2 protein chains.
Amino acid sequence: MGHTGPMATDLPLLTGSGPQDTDLCCAPIVRQAMSADSAVTLAAKFKAIGDPTRLRLLSLVAAHDGAEACVCDLTEPVALSQPTVSHHLKVLVDAGLLTRSKRGTWSFYALVPGALDDLADLLRTPVTA
Amino acid sequence: MGHTGPMATDLPLLTGSGPQDTDLCCAPIVRQAMSADSAVTLAAKFKAIGDPTRLRLLSLVAAHDGAEACVCDLTEPVALSQPTVSHHLKVLVDAGLLTRSKRGTWSFYALVPGALDDLADLLRTPVTA
DNA sequence: CCCATGCATTGACATCCGTCGATGAAACGC
DNA sequence: GCGTTTCATCGACGGATGTCAATGCATGGG
(Lines give C-alpha, C1' and ligand atoms only; values in the text may rest on other atoms or scores of the structure.)
Protein backbone atom coordinates (compact mmCIF):
# COMPACT_ATOMS: atom_id res chain seq x y z
CA MET A 1 0.00 0.00 0.00
CA GLY A 2 1.97 2.95 -1.23
CA HIS A 3 0.58 5.31 1.29
CA THR A 4 3.00 7.55 3.11
CA GLY A 5 0.43 9.47 5.12
CA PRO A 6 1.26 11.18 8.37
CA MET A 7 -0.16 8.46 10.57
CA ALA A 8 -0.54 5.04 9.03
CA THR A 9 -3.19 3.84 11.42
CA ASP A 10 -4.49 0.93 9.37
CA LEU A 11 -7.97 1.01 10.83
CA PRO A 12 -10.56 -1.36 9.39
CA LEU A 13 -12.18 1.30 7.25
CA LEU A 14 -14.73 -0.92 5.56
CA THR A 15 -14.13 0.22 2.04
CA GLY A 16 -16.11 -2.61 0.51
CA SER A 17 -19.61 -3.74 1.38
CA GLY A 18 -19.20 -5.55 4.63
CA PRO A 19 -22.10 -7.53 6.07
CA GLN A 20 -22.34 -5.09 9.01
CA ASP A 21 -25.90 -4.81 10.27
CA THR A 22 -26.21 -1.05 10.14
CA ASP A 23 -29.94 -0.67 9.91
CA LEU A 24 -31.86 2.47 10.66
CA CYS A 25 -31.98 1.88 14.40
CA CYS A 26 -28.66 1.82 16.13
CA ALA A 27 -25.55 2.90 14.28
CA PRO A 28 -24.26 6.35 15.19
CA ILE A 29 -22.45 7.85 12.25
CA VAL A 30 -19.51 9.17 14.19
CA ARG A 31 -18.91 5.97 16.11
CA GLN A 32 -17.53 3.81 13.36
CA ALA A 33 -16.90 4.17 9.67
CA MET A 34 -20.14 3.29 7.93
CA SER A 35 -20.42 0.91 5.01
CA ALA A 36 -21.13 2.12 1.50
CA ASP A 37 -24.52 0.44 1.52
CA SER A 38 -25.83 2.04 4.67
CA ALA A 39 -24.45 5.37 3.47
CA VAL A 40 -26.64 5.17 0.39
CA THR A 41 -29.72 4.27 2.40
CA LEU A 42 -29.16 6.97 4.98
CA ALA A 43 -28.20 9.66 2.50
CA ALA A 44 -31.46 9.07 0.64
CA LYS A 45 -33.40 10.07 3.73
CA PHE A 46 -31.28 13.12 4.42
CA LYS A 47 -31.52 14.14 0.81
CA ALA A 48 -35.30 14.03 1.14
CA ILE A 49 -35.18 16.66 3.88
CA GLY A 50 -32.34 18.49 2.16
CA ASP A 51 -34.75 20.70 0.27
CA PRO A 52 -36.29 23.85 1.75
CA THR A 53 -39.73 23.13 0.35
CA ARG A 54 -39.81 19.57 1.64
CA LEU A 55 -38.51 20.61 5.03
CA ARG A 56 -41.27 23.17 5.16
CA LEU A 57 -43.92 20.69 4.05
CA LEU A 58 -42.79 18.30 6.76
CA SER A 59 -43.09 21.05 9.32
CA LEU A 60 -46.45 22.21 8.01
CA VAL A 61 -47.90 18.71 8.12
CA ALA A 62 -46.63 18.11 11.65
CA ALA A 63 -47.91 21.45 12.91
CA HIS A 64 -51.28 21.11 11.23
CA ASP A 65 -54.45 20.19 13.08
CA GLY A 66 -54.54 16.50 13.81
CA ALA A 67 -50.92 16.21 12.68
CA GLU A 68 -52.08 15.65 9.13
CA ALA A 69 -52.82 17.81 6.10
CA CYS A 70 -54.09 17.49 2.55
CA VAL A 71 -52.42 18.93 -0.53
CA CYS A 72 -54.90 21.76 -0.69
CA ASP A 73 -53.76 22.89 2.73
CA LEU A 74 -50.12 23.03 1.67
CA THR A 75 -49.98 24.65 -1.76
CA GLU A 76 -50.76 28.12 -0.45
CA PRO A 77 -48.20 28.22 2.41
CA VAL A 78 -45.33 27.10 0.21
CA ALA A 79 -46.53 29.18 -2.75
CA LEU A 80 -45.95 26.45 -5.30
CA SER A 81 -48.14 24.71 -7.86
CA GLN A 82 -50.17 21.68 -6.89
CA PRO A 83 -48.15 19.24 -9.03
CA THR A 84 -44.94 20.46 -7.44
CA VAL A 85 -46.32 20.01 -3.95
CA SER A 86 -47.59 16.55 -4.83
CA HIS A 87 -44.17 15.70 -6.19
CA HIS A 88 -42.40 16.77 -3.00
CA LEU A 89 -44.87 14.90 -0.85
CA LYS A 90 -44.27 11.77 -2.88
CA VAL A 91 -40.54 12.12 -2.30
CA LEU A 92 -41.14 12.35 1.44
CA VAL A 93 -43.44 9.34 1.36
CA ASP A 94 -40.91 7.32 -0.63
CA ALA A 95 -38.26 8.27 1.93
CA GLY A 96 -40.42 6.79 4.66
CA LEU A 97 -41.01 10.10 6.40
CA LEU A 98 -44.66 10.66 5.53
CA THR A 99 -47.72 8.47 5.15
CA ARG A 100 -50.54 9.05 2.71
CA SER A 101 -54.11 8.10 3.49
CA LYS A 102 -56.81 8.85 0.96
CA ARG A 103 -60.18 9.72 2.43
CA GLY A 104 -62.84 10.76 -0.02
CA THR A 105 -61.46 13.28 -2.45
CA TRP A 106 -58.57 14.29 -0.25
CA SER A 107 -55.17 12.77 0.37
CA PHE A 108 -54.03 13.25 3.92
CA TYR A 109 -50.34 13.24 4.72
CA ALA A 110 -48.96 12.61 8.19
CA LEU A 111 -45.59 12.03 9.80
CA VAL A 112 -44.38 8.47 10.13
CA PRO A 113 -44.09 8.07 13.91
CA GLY A 114 -40.48 7.90 14.99
CA ALA A 115 -39.02 8.34 11.52
CA LEU A 116 -37.39 11.68 12.25
CA ASP A 117 -36.31 10.52 15.69
CA ASP A 118 -34.50 7.57 14.14
CA LEU A 119 -32.57 9.95 11.91
CA ALA A 120 -31.79 12.14 14.90
CA ASP A 121 -30.38 9.19 16.82
CA LEU A 122 -28.02 8.40 13.98
CA LEU A 123 -26.71 11.94 13.95
CA ARG A 124 -26.17 12.19 17.66
CA THR A 125 -22.64 11.78 18.95
CA PRO A 126 -22.36 9.02 21.54
CA VAL A 127 -21.69 10.47 24.98
CA THR A 128 -18.77 8.11 25.45
CA ALA A 129 -17.04 9.46 22.39
CA MET B 1 -59.31 32.89 0.80
CA GLY B 2 -61.26 30.67 -1.52
CA HIS B 3 -60.30 27.53 0.30
CA THR B 4 -62.92 24.92 0.90
CA GLY B 5 -60.68 22.37 2.55
CA PRO B 6 -61.97 19.74 4.92
CA MET B 7 -60.89 21.54 8.06
CA ALA B 8 -60.35 25.26 7.82
CA THR B 9 -58.10 25.52 10.82
CA ASP B 10 -56.62 28.92 10.08
CA LEU B 11 -53.36 28.28 11.87
CA PRO B 12 -50.67 30.94 11.67
CA LEU B 13 -48.71 29.12 9.02
CA LEU B 14 -46.01 31.73 8.53
CA THR B 15 -46.07 31.80 4.78
CA GLY B 16 -43.97 34.92 4.59
CA SER B 17 -40.70 35.65 6.33
CA GLY B 18 -41.64 36.24 9.91
CA PRO B 19 -39.06 37.56 12.34
CA GLN B 20 -39.21 34.27 14.27
CA ASP B 21 -35.87 33.49 15.91
CA THR B 22 -35.44 29.98 14.57
CA ASP B 23 -31.72 29.63 14.81
CA LEU B 24 -29.83 26.39 14.81
CA CYS B 25 -30.29 25.74 18.51
CA CYS B 26 -33.83 25.26 19.62
CA ALA B 27 -36.60 24.95 17.10
CA PRO B 28 -37.94 21.45 16.62
CA ILE B 29 -39.24 21.04 13.11
CA VAL B 30 -42.40 19.24 14.04
CA ARG B 31 -43.37 21.66 16.80
CA GLN B 32 -44.40 24.64 14.72
CA ALA B 33 -44.46 25.50 11.05
CA MET B 34 -41.04 26.82 10.18
CA SER B 35 -40.37 29.99 8.25
CA ALA B 36 -39.13 29.96 4.68
CA ASP B 37 -35.81 31.46 5.72
CA SER B 38 -34.97 28.93 8.37
CA ALA B 39 -36.06 26.19 5.98
CA VAL B 40 -33.44 27.30 3.47
CA THR B 41 -30.72 27.44 6.12
CA LEU B 42 -31.59 24.09 7.59
CA ALA B 43 -32.10 22.34 4.27
CA ALA B 44 -28.62 23.40 3.22
CA LYS B 45 -27.14 21.44 6.08
CA PHE B 46 -29.26 18.39 5.45
CA LYS B 47 -28.43 18.54 1.77
CA ALA B 48 -24.77 18.46 2.70
CA ILE B 49 -25.25 15.10 4.42
CA GLY B 50 -27.75 13.98 1.80
CA ASP B 51 -25.03 12.42 -0.31
CA PRO B 52 -23.65 8.93 0.31
CA THR B 53 -20.06 9.97 -0.26
CA ARG B 54 -20.25 12.93 2.10
CA LEU B 55 -22.01 10.88 4.74
CA ARG B 56 -19.25 8.36 4.46
CA LEU B 57 -16.52 10.99 4.61
CA LEU B 58 -18.10 12.40 7.73
CA SER B 59 -18.09 8.97 9.30
CA LEU B 60 -14.55 8.22 8.20
CA VAL B 61 -13.23 11.46 9.63
CA ALA B 62 -15.01 10.92 12.93
CA ALA B 63 -13.87 7.32 13.24
CA HIS B 64 -10.28 8.10 12.29
CA ASP B 65 -7.45 8.32 14.76
CA GLY B 66 -7.53 11.59 16.63
CA ALA B 67 -10.97 12.30 15.14
CA GLU B 68 -9.32 13.95 12.16
CA ALA B 69 -8.10 12.85 8.75
CA CYS B 70 -6.33 14.25 5.73
CA VAL B 71 -7.48 13.91 2.13
CA CYS B 72 -4.92 11.21 1.44
CA ASP B 73 -6.54 9.08 4.13
CA LEU B 74 -9.97 9.38 2.55
CA THR B 75 -9.55 8.92 -1.18
CA GLU B 76 -8.89 5.22 -0.94
CA PRO B 77 -11.82 4.26 1.32
CA VAL B 78 -14.38 6.08 -0.80
CA ALA B 79 -12.72 5.03 -4.06
CA LEU B 80 -12.99 8.45 -5.66
CA SER B 81 -10.51 10.84 -7.20
CA GLN B 82 -8.70 13.37 -5.05
CA PRO B 83 -10.45 16.40 -6.59
CA THR B 84 -13.82 14.82 -5.94
CA VAL B 85 -12.97 14.11 -2.31
CA SER B 86 -11.68 17.64 -1.86
CA HIS B 87 -14.88 18.96 -3.37
CA HIS B 88 -17.08 17.00 -0.98
CA LEU B 89 -14.98 18.02 1.99
CA LYS B 90 -15.37 21.63 0.98
CA VAL B 91 -19.12 21.21 0.87
CA LEU B 92 -19.08 19.80 4.38
CA VAL B 93 -16.87 22.63 5.61
CA ASP B 94 -19.12 25.23 4.01
CA ALA B 95 -22.09 23.58 5.71
CA GLY B 96 -20.41 24.05 9.07
CA LEU B 97 -20.00 20.37 9.73
CA LEU B 98 -16.24 20.01 9.27
CA THR B 99 -13.22 22.14 10.08
CA ARG B 100 -10.06 22.30 8.01
CA SER B 101 -6.67 22.85 9.58
CA LYS B 102 -3.61 22.90 7.36
CA ARG B 103 -0.48 21.52 8.95
CA GLY B 104 2.53 21.21 6.73
CA THR B 105 1.63 19.60 3.46
CA TRP B 106 -1.54 18.05 4.79
CA SER B 107 -5.03 19.38 5.32
CA PHE B 108 -6.69 17.84 8.33
CA TYR B 109 -10.44 17.67 8.54
CA ALA B 110 -12.33 17.20 11.79
CA LEU B 111 -15.93 17.31 12.98
CA VAL B 112 -17.26 20.61 14.24
CA PRO B 113 -18.13 19.79 17.85
CA GLY B 114 -21.87 19.68 18.38
CA ALA B 115 -22.78 20.41 14.78
CA LEU B 116 -24.40 17.05 14.14
CA ASP B 117 -26.02 17.08 17.56
CA ASP B 118 -27.64 20.41 16.79
CA LEU B 119 -29.15 18.92 13.66
CA ALA B 120 -30.31 15.92 15.64
CA ASP B 121 -32.06 18.14 18.14
CA LEU B 122 -33.99 19.85 15.38
CA LEU B 123 -35.19 16.53 14.02
CA ARG B 124 -36.29 15.10 17.32
CA THR B 125 -39.97 15.14 18.13
CA PRO B 126 -40.74 16.89 21.40
CA VAL B 127 -41.84 14.39 24.03
CA THR B 128 -44.95 16.43 24.71
CA ALA B 129 -46.08 16.16 21.12
C1' DC C 1 -75.90 12.15 -15.75
C1' DC C 2 -72.81 15.83 -15.88
C1' DC C 3 -69.92 18.91 -13.81
C1' DA C 4 -66.80 20.50 -10.21
C1' DT C 5 -63.19 19.40 -6.98
C1' DG C 6 -58.82 17.30 -5.38
C1' DC C 7 -54.98 15.02 -6.71
C1' DA C 8 -51.46 12.08 -9.30
C1' DT C 9 -49.01 11.64 -13.48
C1' DT C 10 -46.80 13.04 -17.69
C1' DG C 11 -43.74 15.68 -20.54
C1' DA C 12 -40.79 19.43 -20.96
C1' DC C 13 -37.37 22.63 -19.58
C1' DA C 14 -33.71 25.10 -17.00
C1' DT C 15 -30.72 24.49 -13.48
C1' DC C 16 -27.95 22.11 -10.22
C1' DC C 17 -24.79 18.36 -8.90
C1' DG C 18 -21.29 14.66 -8.80
C1' DT C 19 -17.43 13.24 -11.18
C1' DC C 20 -13.13 13.44 -13.61
C1' DG C 21 -8.60 15.06 -15.88
C1' DA C 22 -5.62 18.83 -16.04
C1' DT C 23 -3.39 22.50 -13.91
C1' DG C 24 -1.24 25.27 -10.33
C1' DA C 25 0.27 26.41 -5.76
C1' DA C 26 2.36 25.44 -1.29
C1' DA C 27 5.52 22.66 1.56
C1' DC C 28 9.07 19.32 2.34
C1' DG C 29 13.48 16.48 1.37
C1' DC C 30 17.69 16.06 -0.95
C1' DG D 1 17.40 24.78 -6.61
C1' DC D 2 14.76 20.72 -8.07
C1' DG D 3 11.74 16.98 -7.86
C1' DT D 4 8.09 14.98 -5.03
C1' DT D 5 4.07 14.99 -2.37
C1' DT D 6 -0.36 16.99 -0.93
C1' DC D 7 -4.07 19.52 -2.00
C1' DA D 8 -7.29 23.21 -4.08
C1' DT D 9 -9.16 25.04 -8.16
C1' DC D 10 -10.76 25.08 -12.96
C1' DG D 11 -13.28 23.50 -16.98
C1' DA D 12 -16.11 20.14 -18.84
C1' DC D 13 -19.44 16.53 -19.20
C1' DG D 14 -23.55 13.51 -18.17
C1' DG D 15 -27.15 12.75 -15.10
C1' DA D 16 -30.21 14.16 -11.50
C1' DT D 17 -33.50 17.65 -9.71
C1' DG D 18 -37.09 21.32 -9.04
C1' DT D 19 -40.60 23.52 -11.39
C1' DC D 20 -44.59 24.21 -14.27
C1' DA D 21 -48.70 23.56 -17.71
C1' DA D 22 -51.46 20.10 -19.46
C1' DT D 23 -53.78 15.91 -18.93
C1' DG D 24 -56.21 12.10 -16.74
C1' DC D 25 -58.49 9.77 -12.97
C1' DA D 26 -61.29 9.36 -9.00
C1' DT D 27 -64.81 11.11 -5.91
C1' DG D 28 -68.87 13.56 -4.61
C1' DG D 29 -72.91 16.88 -5.45
C1' DG D 30 -76.74 18.53 -7.97
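Not measured: the values here are computed from a predicted model. Values reported hereafter were calculated over all heavy atoms of this structure, with side chains retained and with hydrogens, waters and symmetry mates removed.
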Participant: Does C/dT19 have OP1 or OP2 under 4.0 Å away from a side-chain N or O of B/S81?
Facilitator: no
Participant: Just N and O in the side chain of B/H87: are any of them under 4.0 Å from OP1 or OP2 of C/dG18?
Facilitator: yes
Participant: For a side-chain contact (heavy atoms from CB on, under 4.5 Å) with A/L97, tell me which candidate from A/V61, A/V112, A/L119, A/L111 qualifies.
Facilitator: A/L119
Participant: Describe the nucleic acid contact of A/K102 in one word from base, sugar-phosphate, nothing, applying a heavy-atom distance below 4.0 Å.
Facilitator: nothing
Participant: Ignoring backbone atoms, test whether B/T84 places a side-chain nitrogen or oxygen under 4.0 Å from the OP1 or OP2 oxygen of C/dC20.
Facilitator: yes
Participant: Does A/Y109 place a side-chain N or O at less than 4.0 Å from the phosphate oxygens OP1/OP2 of C/dG6?
Facilitator: no
Participant: If you check the B/S86 side chain, which of C/dG21, D/dC7, C/dT9 turns out closest?
Facilitator: D/dC7
Participant: Which of these nucleotides, D/dT5, C/dC7, C/dG18, is closest to any side-chain atom of A/C72?
Facilitator: C/dC7
Participant: Side chain of A/T53 only, please: which of D/dT19, D/dC7, C/dC7 is the nearest?
Facilitator: D/dT19
Participant: Atom CH2 of B/W106 and atom P of D/dA8: how far apart are they, to the nearest Å?
Facilitator: 14 Å
Participant: Mind checking A/R103 for me? I need base, sugar-phosphate or nothing, with any heavy atom below 4.0 Å counting as a touch.
Facilitator: nothing
Participant: Whole angstroms only, please: what is the CG-P distance between B/D73 and D/dT5?
Facilitator: 16 Å
Participant: Nearest to the side chain of A/V71, heavy atoms from C-beta on, is which of D/dT6, D/dT9, C/dC7?
Facilitator: C/dC7
Participant: Starting at NZ of A/K90 and ending at P of D/dT19, how long is that distance when rounded to a whole Å?
Facilitator: 17 Å
Participant: Expressed in angstrom and rounded to an integer, what is the separation of A/K47 atom NZ from D/dT17 atom C1'?
Facilitator: 9 Å
Participant: To the nearest Å, give me how far apart CD (A/E76) and P (C/dC7) are.
Facilitator: 14 Å
Participant: Rounded to the nearest 0.5 Å, how far apart are NE2 of B/H88 and OG1 of B/T53?
Facilitator: 4.5 Å
Participant: Round to a whole Å and report the spacing from CG of B/L80 to P of C/dG21.
Facilitator: 11 Å
Participant: What is the separation between atom CZ on A/R100 and atom P on D/dA26, rounded to the nearest whole Å?
Facilitator: 13 Å
Participant: Tell me: CG of A/D51 to C1' of C/dC17, nearest whole Å?
Facilitator: 14 Å
Participant: Within the structure shown, what part of the strands sits under 4.0 Å from A/H88 by heavy-atom distance: base, sugar-phosphate, or nothing?
Facilitator: sugar-phosphate
Participant: Under 4.0 Å between any heavy atoms, over every strand shown, what does B/S107 touch: base, sugar-phosphate, or nothing? Just pick one.
Facilitator: sugar-phosphate
Participant: On DNA chain D, check which nucleotide each of A/G50 and A/P83 is closest to and give me the residue with the more 5' one.
Facilitator: A/G50
